[in-house]
Amino acid sequence: MNRKEDEWLWGWDPTPGIVSVWAEPEGRAIVWRRLPETDALVREDLSFRPWLLLASLEDLGHLGARLRPEGDGPAPHRVTYQELEGPGALRYVIRADDGRTLSSAILQGAARRLGRPLQHLRDLPPEVVFVMPPEEQYLIASGRTYFRDLPFDALHRLQFDLETTGLDPEHDRIFLVALRAPDGSTEVLEVHGDEDDDEAEADLLGRLVARIQAWDPDVIENHNLHGFDLPFLARRAQHLGVPLALGRAGAPGLRQRPSARGASLGGRSDAPATNGAAPGQNGGARTDRQRRTRYTVPGRELIDTMDAVLRHDFSARDLPGHGLKAVARHFGLAGPDRELITGARIHHVFRTDPERVRRYACDDVKEAAGLARLLGGAAFALARMAPRRYERLADAGAATGVLDPLLVRAYLRAGAALPAHEPGDGTSHSGAALHLFATGVAKHVVKADVASLYPSLMREYRIGPRRDRLGVLLALVDRLVDQRLDAKARARAALPGSPERHTHEALSAAMKLVVNSAYGYLGAVGLTRFADVHAANEVTRHGREVLGLLCRELAARGVTLLEADTDGVYFSVPPAWEEADERRVVSEVAALLPPRVHLEFDGRYAAMLSHEPKNYALQPYDGPLLLRGVAFRSRRAEPFGEDFLRRALRCLLAGDIPGVREAYISTVLALRRRTIPTHEVASRVRLTKASSQYIATRTRRRELPYEAMLANGRTHWSIGERIRVYRATGGRAGLLPTPATEESEQEDGDALEGRQGSERTSRDPRDYDVEYYTRQLRETFAARLARALTPADFAAVFDDPGQPSLFTPCLSGARPILTVLQEPQEHRDEAESPVETTATPG
DNA sequence: CATAACCGGGG
DNA sequence: GTGTACGGTTATG
């Protein structure tokens, strides 16, 4: 039993060190392995028997004697079949020595049956035929997976980053490439001679290819590699007639593979639906739902750190943005001397200060390498389990990308027929519970939550897909949960920062990812093979019951419930309670929950402002204020307002209402005295229209950013350029020089010839519209404190300091309020079915 | 003014 | 082969 389930999770072939697999439909496969002991690379050329699944043999009847049972011996041009057992639409494994003969035989039979010609197997319905990409056919048939016994740090990884004159490969050129070699050294390649010369650029691309071939990495990485660098490179190479021999085998050139995300830029050139009508198009401006492609090469895995970043932020939701600089800074990967240059000025700076651009580009590849190691371990670990290429696991969704291949492999290994995708029966998916019990300020706040609630419920109540008759999904979840504990223990046992620790942490992260996607898998009707919305609804129903139960039980123990969402609850305890009392109620309630459902004490806070569902501020007993939800963390909020909000919240949560008033007054006065620098009131925007486009619509509607450009004599700009704009006096639009990164308020060196720090302030015009920003302060920022004050106190706190009212309000006795909602606000994500209300605490 | 479409990133 | 969300802005009726 254990062995079988281990095979479901890990495959069964022990071959170590596979770093890349390339297979062709004709039945040839190349496997590159890095020998863990010697670091040497070995290449195996193999043949395999391509296979696919069919619902019936009728389309192969025309083969006559060439169609034989799998058990019969070899015969020339044979096509074999193996009948799988049990129910399931896809019940025949068909194999041949060449996958093309296989598909043409089926197409021929199906065309005859349907009376119309067929081009591709995908023209047949998925319940009739199922084919996987050749690499996956090979991995499933062989039981092999990537990276067995190989630590992440044994991979030979190379990063490269293009610096270009702009974003559009039709018109812009590559003038510099930074490379980071597998040994960690960096190198810069630059265009020699005339930058506007095709030959000079072609020569640069040739040198890039030569360096990659010389270093021969297993993996090529960069941030937005598939979204920018590869499609840009491919387009330029095509224009210049340079062969891109980036792979380890086969014809030079990048190949394309279909993908959900990825190239928004390179796909355009060969997307049939694109008519190129959009003027001033850049990479991001897609006019239709074109199918995206990604590039792939034999022998190397092309890894985009953006995918790892998105995957991380999907659960963590703590990143300030997804750009390389912001993420690197967030994770502490950016050094203190990190060179920053605004994107639009890189080429310009290169002409006057090339050394700065070299530093910048090298910092980019170093950060991309750091990011790839920090966040890429999960995909690396997934590649040890799932029968897919590493590069595909890096950008795949966990449900269709990881669980589906695991399930397919398990069923075939067991010789069991595979169900086809099934459309839903119309039952809608009911979601989690969300309760808002109180708004305003509460003190002595505790957060308790259930770790991995949904997988725990699936395990506890044995809820799996109805059609998964082998119980593979639950078996995988069970094993992943158990083995994850083991991986976590090993990670803890290893030296911090060591390769072993990194590998075990990555494994643990990957396992968590898969476990948590098991529930999503159930609900993805039409997308996943075994989707079962009834099972998914059963999970959420138990989840709502558990949340309701724990809320009731907590309330019965004398706490005040604040907000509960899916698997966690915030509540406030009586002032006399100690932390031990807080922990005691949590464990008392935990004991009442089902065995696998573990309620945990997750944190304690001095105070909380509950604003709206999923929008709150927390003041830890020590440490900085925590803001959650869009109301408190808006990416484009003006810095002066954010700053005010933080100061006001800190006072508010300390019960200091006069302090809130003071924060407000000082901000208003600072605006009026113009002691707030202009960049603090400016907002960052992106220009999405070309100047000609804007001028065409300008009479109908004026837009601040473009007005700011025009008013500052900027009549030309590129789409996507980021600027800082503000409202200036007299209805004018103000424009500020953009610092190199969103977060950086450091001087923007290249804008200031001579680099005098004081120059910036002396240049600050300070001509912003004070009244506009005062109103903004009151209406959008102060408004977020409304729940915490009585209407009278709110009016007094945010009374205009310049126009003293008749009553000088006395705030010294004012206290923040907490309003316990009579009817707690009940929400349910995607709720369509009748709502069972959770009993409210007494 | 409401709803639909589109964006996130890269130089 | 399939797909990630979701909150915010801009385009359009």
Side-chain angles (χ1 to χ4, degrees), chain A residues 120-122 126 130-133 136 161-169 171-176 222-233 257-265 282-289 291-293 304-307 309-311 313-315 317 319 321-327 341-350 357 360-361 364 368 392 395-401 404-405 421 513 517 520-521 523-529 531 614-615 629-631 633-637 683 685-686 688-689 693 697 700-701 703 705 718-722 829:
Chain A
H120 299 284
L121 285 179
R122 60 175 175 271
F130 172 58
V131 206
M132 302 190 98
E136 294 171 28
D161 186 50
L162 306 182
E163 302 304 331
T164 68
T165 59
L167 293 167
D168 182 357
H171 310 292
D172 299 312
R173 291 184 185 273
I174 301 167
F175 66 88
L176 182 148
N222 195 22
H223 198 62
N224 211 12
L225 180 72
H226 287 288
F228 180 74
D229 298 87
L230 285 176
F232 200 105
L233 182 63
R257 66 175 166 96
S259 160
R261 276 200 311 273
S264 47
L265 213 141
N282 76 9
R286 290 205 323 285
T287 48
D288 50 13
R289 287 189 71 75
R291 184 154 295 183
R292 299 188 182 192
T293 59
D304 190 340
T305 49
M306 179 76 78
D307 293 319
V309 164
L310 293 175
R311 191 178 261 176
D313 203 36
F314 182 61
S315 54
R317 310 179 132 272
L319 295 178
H322 297 150
L324 176 65
K325 283 79 176 170
V327 176
I341 309 174
T342 311
R345 274 206 290 261
I346 291 168
H347 184 228
H348 169 76
V349 173
F350 183 65
V357 176
Y360 168 81
D364 271 9
R392 292 216 56 205
D395 77 297
T400 54
D404 255 345
H421 284 74
L513 195 85
S517 71
Y521 183 97
V525 172
L527 297 173
T528 55
R529 184 169 298 277
K614 299 187 193 231
N615 280 275
V630 281
R633 326 174 26 141
S634 165
R635 225 165 260 181
R636 38 161 287 139
S683 54
V685 292
R686 248 179 103 97
T688 56
K689 293 178 188 172
Q693 279 175 287
T697 60
R700 260 185 288 143
R701 192 169 56 154
E703 295 171 53
S718 45
I719 292 181
E721 185 172 343
R722 275 168 246 243
D829 302 337

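Naming: A, B, ... by sequence-line order, numbering from 1 per chain.
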Between P of B:dG11 and CZ of A:Phe350, the distance in whole Å: 15 Å

Touch class at under 4.0 angstrom, heavy-atom based, for A:Leu225 against every strand present: nothing

Rounded distance (Å) that lies between atom P of C:dG3 and atom CG of A:Asp404: 13 Å

Sugar-phosphate, base or nothing in reach of A:His223, heavy atoms under 4.0 Å: sugar-phosphate

Candidates B:dG9, C:dG1, B:dG11 - which lies nearest the side chain of A:Tyr360: B:dG11

Nucleotide nearest A:Arg311 (side chain, heavy atoms from C-beta), chosen from C:dT4, B:dG9, B:dG11: C:dT4

Nearest listed nucleotide, side chain of A:Pro133, among C:dG1, C:dG3, B:dG10: C:dG1

Spacing of A:His223 atom NE2 and A:Asp304 atom CG [to the nearest 0.5 Å]: 7.0 Å

Residues in salt bridge (charged side-chain N to carboxylate O under 4.0 Å, His left out) contact with A:Asp404, at least two apart in sequence or another chain: none

Interatomic distance where NE2 belongs to A:His322 and C1' belongs to C:dT4 [whole Å]: 12 Å

Touch class at under 4.0 angstrom, heavy-atom based, for A:Pro126 against every strand present: nothing

Sugar-phosphate only, base, or nothing, as touched by A:Val131 at under 4.0 Å among non-hydrogen atoms: sugar-phosphate

Nearest-0.5 Å distance, CZ of residue A:Phe232 to OG1 of residue A:Thr164: 4.0 Å

Flag for A:His226-A:Asp395: side-chain donor and acceptor within less than 3.5 Å: no

Nearest-angstrom distance, P atom, C:dG3 to B:dG10: 24 Å

Distance, rounded to the nearest Å, where A:Arg173 contributes CZ and B:dG11 contributes C1': 15 Å

Gap between atoms CG and C1', on A:Asp313 and B:dG9 respectively (whole Å): 13 Å

Nucleotide of C:dG3, B:dG9, B:dG11 approaching A:Leu167 most closely (side-chain heavy atoms): B:dG11

A:Asn224, nearest nucleotide to its side chain (from C:dG1, B:dG11, B:dG10): B:dG10

Sugar-phosphate only, base, or nothing, as touched by A:Asp304 at under 4.0 Å among non-hydrogen atoms: nothing

A:Asn222 CG to B:dG9 P, straight-line distance once rounded to whole Å: 15 Å

Sugar-phosphate, base or nothing in reach of A:Asp229, heavy atoms under 4.0 Å: nothing

Span that lies between the P atom of B:dG9 and that of C:dG8, in whole angstrom: 15 Å

Residues A:Asp364, A:Lys325: salt bridge by 4.0 Å N-O rule: yes

Between B:dG10 (P) and A:Leu162 (CG): distance, integer Å: 13 Å

Candidates B:dG9, B:dG10, C:dG1 - which lies nearest the side chain of A:Phe228: B:dG10

Length of the line joining A:His421:NE2 and C:dG1:C1', which is rounded to integer Å: 9 Å

Under the side chain to side chain contact (heavy atoms under 4.5 Å, CB included) test, residues paired with A:His347 that sit two or more places apart: A:Thr165, A:Phe175, A:Glu195, A:Arg351

Proximity to the side chain of A:Asp161 - top-ranked nucleotide from C:dG3, B:dG9, B:dG11: B:dG11

Donor-acceptor pair present, A:Thr400 side chain and C:dG3 base, under 3.5 Å: yes

